[in-house]
J.: 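Can you read through this structure? Questions will come right after.
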Protein chains: 2
Amino acid sequence: MQLKDLAKQLNVSVSTVSRTVNGTGRVGAKTRERILDAIKQTGYQPNEVARSLKRRSARTLGVVVADLSNSFYSKVIKGVEKVASENSYNVFVCNTDEEVGKEEEYIRVLLQNQVSGLVIATVGSDVRLFQPYIDSGIPFVFIDNLPLLEERFNLVAIDNAKASRSITQHLVDQGHRKIAMMTGPLNQSTSSERLLGFRKCLEDNGIMPEERWIGVGTFKQEYGYRMMREWLLNEDRPTAVLAANDFLMYGAIKAIYERGLKIPEDIAVACFDANDETGLISPGITAIIQPAYEIGSIAAEIIMRREHDKGRKQYEKIELEPVLLLKQSSMGNKG
Amino acid sequence: MQLKDLAKQLNVSVSTVSRTVNGTGRVGAKTRERILDAIKQTGYQPNEVARSLKRRSARTLGVVVADLSNSFYSKVIKGVEKVASENSYNVFVCNTDEEVGKEEEYIRVLLQNQVSGLVIATVGSDVRLFQPYIDSGIPFVFIDNLPLLEERFNLVAIDNAKASRSITQHLVDQGHRKIAMMTGPLNQSTSSERLLGFRKCLEDNGIMPEERWIGVGTFKQEYGYRMMREWLLNEDRPTAVLAANDFLMYGAIKAIYERGLKIPEDIAVACFDANDETGLISPGITAIIQPAYEIGSIAAEIIMRREHDKGRKQYEKIELEPVLLLKQSSMGNKG
DNA sequence: CTGTTAGCGCCTTCAG
DNA sequence: CTGAAGGCGCTAACAG
């Protein structure tokens, strides 16, 4: 069923039907009535693809994340979706599994599909590939990780270095001086910034960071486990560990338990993003919690704003405040 | 940049360019060469929306789930996405928050966007609204919950009643006779089937199900908490609880701990879908684990098959085997 | 107030 | 092997 058929059936022109469907332009009361009726009868639904082609925009947002099953990202997505649906936009969600190739591919596909904007937690793809699009005015909003771009992008994120300093300071305040850190690839800014903040904080406290206790690998559980195991093989082991995300921490904890050690008595742990909804993880894990839902909704709002004043190429950098959630995993004074 | 511009620039017709872009129809070797070059130079990308309009199909799958942050669904989505991307299809993901209205709205929007097929974990919307679409051959694949439809739909799911019987039997085998069950709305088949299996198992074991220990509410943590609390107010309380999903169970456990009781010593617990990736939830929770990723990928494959032999209206019902994961939460003999 | 018409960007017969 | 032309379903001038 389409416009044309309806029009024919009612002996009016397609444009009249179109106008009443869209509520644009004046249409006679009774003709409108008849048309609305027929629409209800036939269950006519406009073809969005045709509309998108005409309008040259699909009223769709693309979201590219590394891992859907990571609750941080799923909350971001919910935030994006809320704003999108308030504006009658759709959301395309893509999962890159932290693979740069997939990320580039998905961005390309989304662009081909005429998305109105992109929300990206990049894992380091060469976003410059998409410079033409960015310049052409399609808003790219980065969350979490910074891209390899100069200035021409929007950003919604926390200050990772600062957050890292604050959680490290907490460990120091508990009396720890032998603190290890594990993080993901340094080409991701979340990783490098968190490491930077960690180092800075130790230095500010007159502690020399031990290079052997700095693990740079991936953001996956398996790496956290391997790294921690290695550290524990040595007699001289850290008394506290900071992990740059929750998966790393879960891996680390597994290694700690395997070694028969206790948290926090033998080793204190803290990390980013561990937000236990169940309340059953024990001990509770001290963590920096990012406002994930807000990150998503604000990112989407930026795109909406760009849709309104198109052409105006202007970029927003929004910094949100995380929360330092204190739990048992890091408690107990070592001083 | 579009087809027309490229054609003009190279002094060939649009059709020739189109043919070489798509690799369809013969094109002279050197003209092809020139065109391919120009494509690389200009970074031309075909407009998918226009293609979709022409083709009258968007090569897109829609997925409708109740809650993205539920790991069961995020795994399903990953499964769908894998198959989709293997076939160069895109995935639209929608989150209904368990609201029937949102579900109907999203299905409508997806259809308007000419998706090639839908994967739906329905929360009970009146899918008959979409009967015309189903009849017109757009494949609807249901997972998890059964729709209010006769026969004309595809299904990928586990046998919920059977799974429920088996986990209940496990509790009985541990010596329990005072077993409670909490579940979601009965208009969702996962809920009603699981309750059915529970009842059946008790009866098979000569145990009369106590109606006061059967809680029918929502699938949310908050309800699990409230229900459990109520049960615990009474002197005569169940010695084991089965929850129809993990959120309910987390709520129940919270209530149990608040009451100062121990798991499994005072009360044994078991549920559906609690798949602890962290390994830190303690005690570990006995649960029926559904093969979520496979459910998603098989659902997507069904759609792909329908794309190939279109017109052939045929429906597949696929039953997958869940796993009964035994953990401490239900261990210890009460007999 | 309503109808006619020209595209949106691409694909695909049908001629040449 | 290549070009011209019509049309996918809808919207938006532009006329009437």
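In what follows, chains carry the letters A, B, and so on, assigned in the order in which the sequence lines appear, proteins first and then strands, with residues in each chain numbered from 1.
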J.: If you fit an axis to the five pairs at each end of the helix from C:dC1-D:dG16 to C:dG16-D:dC1, how big is the angle between those two axes, to 10 degrees?
T.: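 It works out to 50° between the end axes.
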J.: Touch check for B:V49, heavy atoms < 4.0 angstrom, all strands: base, sugar-phosphate only, or nothing?
T.: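 Since no nucleic acid heavy atom lies under 4.0 Å of B:V49, the category is nothing.
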J.: Please output the side-chain donor-acceptor pairs of residues 78-88 of chain A that fall under 3.5 Å, not counting sequence neighbours, one pair per line with the distance.
T.:
residue, atom, partner, partner atom, Å
A:K78, NZ, B:D67, OD1, 2.9
A:K78, NZ, B:S69, OG, 3.1
A:E81, OE1, B:N95, N, 3.1
A:S85, OG, A:K82, O, 3.4
A:N87, ND2, A:V83, O, 2.8

J.: Tell me, which of residues 33-42 of chain A have any heavy atom that sits under 4.0 Å from an atom in DNA chain D?
T.: none
J.: Distance check, rounded to the nearest 0.5 Å: A:I302 atom CD1 versus A:I143 atom CD1?
T.: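 Separation between the atoms: 11.0 Å.
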J.: With a 3.5 Å distance limit and no angle check, can you tell me whether B:N187 reaches the backbone of B:G124 through a side-chain donor-acceptor pair?
T.: no
J.: May I ask you to check whether A:F153 and A:F142 place their ring centres under 6.0 Å from each other?
T.: yes
J.: Taking side chain as C-beta onward, heavy atoms only, is A:F92 less than 4.5 Å from A:V64?
T.: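 A:F92 vs A:V64: side chains apart.
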J.: Side-chain polar contacts of residues 112-121 of chain B - donor-acceptor pairs under 3.5 angstrom, sequence neighbours left out - could you list them?
T.:
residue, atom, partner, partner atom, Å
B:Q112, OE1, B:R108, NH1, 2.5
B:Q112, NE2, A:E48, OE2, 3.4
B:N113, ND2, A:N90, OD1, 3.3
B:N113, ND2, B:V109, O, 2.8

J.: Base, sugar-phosphate or nothing for A:D5? Non-hydrogen atoms, less than 4.0 Å.
T.: nothing
J.: What contact category does A:T31 fall into here, base, sugar-phosphate, or nothing, at under 4.0 angstrom with non-hydrogen atoms?
T.: sugar-phosphate
J.: When rounded to the nearest 0.5 angstrom, what is the spacing between CG in B:N154 and NZ in B:K317?
T.: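 Atom-to-atom, B:N154:CG and B:K317:NZ are 7.0 Å apart.
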J.: Tell me yes or no: between the side chains of A:R51 and A:N22, is some donor less than 3.5 Å from an acceptor?
T.: yes
J.: Report yes or no: does B:S191 contribute a side-chain atom to a donor-acceptor pair with the main-chain N or O of B:S189 at less than 3.5 Å?
T.: no
J.: Under the side-chain contact (heavy atoms from CB on, under 4.5 Å) criterion, do B:V141 and B:L155 qualify, and how do the steps go?
T.: CA-CA 5 Å; B:V141 182; B:L155 175 71; over 6 Å; no
J.: Taking any atom closer than 4.0 angstrom to a non-hydrogen atom of chain B, what span of DNA chain D does the protein reach, first nucleotide to last?
T.: D:dC1 to D:dG9
J.: Can you confirm whether the side chains of B:T16 and B:S13 place a donor and an acceptor under 3.5 Å from each other?
T.: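 Looking only at side-chain atoms, B:S13 and B:T16 do form a donor-acceptor pair, the distance falling under 3.5 Å.
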J.: Would you say the side-chain atoms of B:S297 pair up with the backbone N or O of B:Y293, donor to acceptor, closer than 3.5 Å?
T.: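 Yes: the side chain of B:S297 pairs with the backbone of B:Y293.
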J.: Each nucleotide in nucleotides 8-16 of chain C should get exactly one letter: B, S or -. Can you fill that in based on protein heavy atoms under 4.0 Å?
T.: BBBBB----
J.: At under 4.0 Å between heavy atoms, what does B:V12 touch on the DNA or RNA strands: base, sugar-phosphate, or nothing?
T.: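 The residue B:V12 makes sugar-phosphate contact but no base contact.
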J.: Counting N and O atoms only, with roles assigned by atom type, does the side chain of B:T42 sit under 3.5 Å from a partner on the main chain of B:A38, one being a donor and the other an acceptor?
T.: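 Looks like yes, one N/O pair under 3.5 Å.
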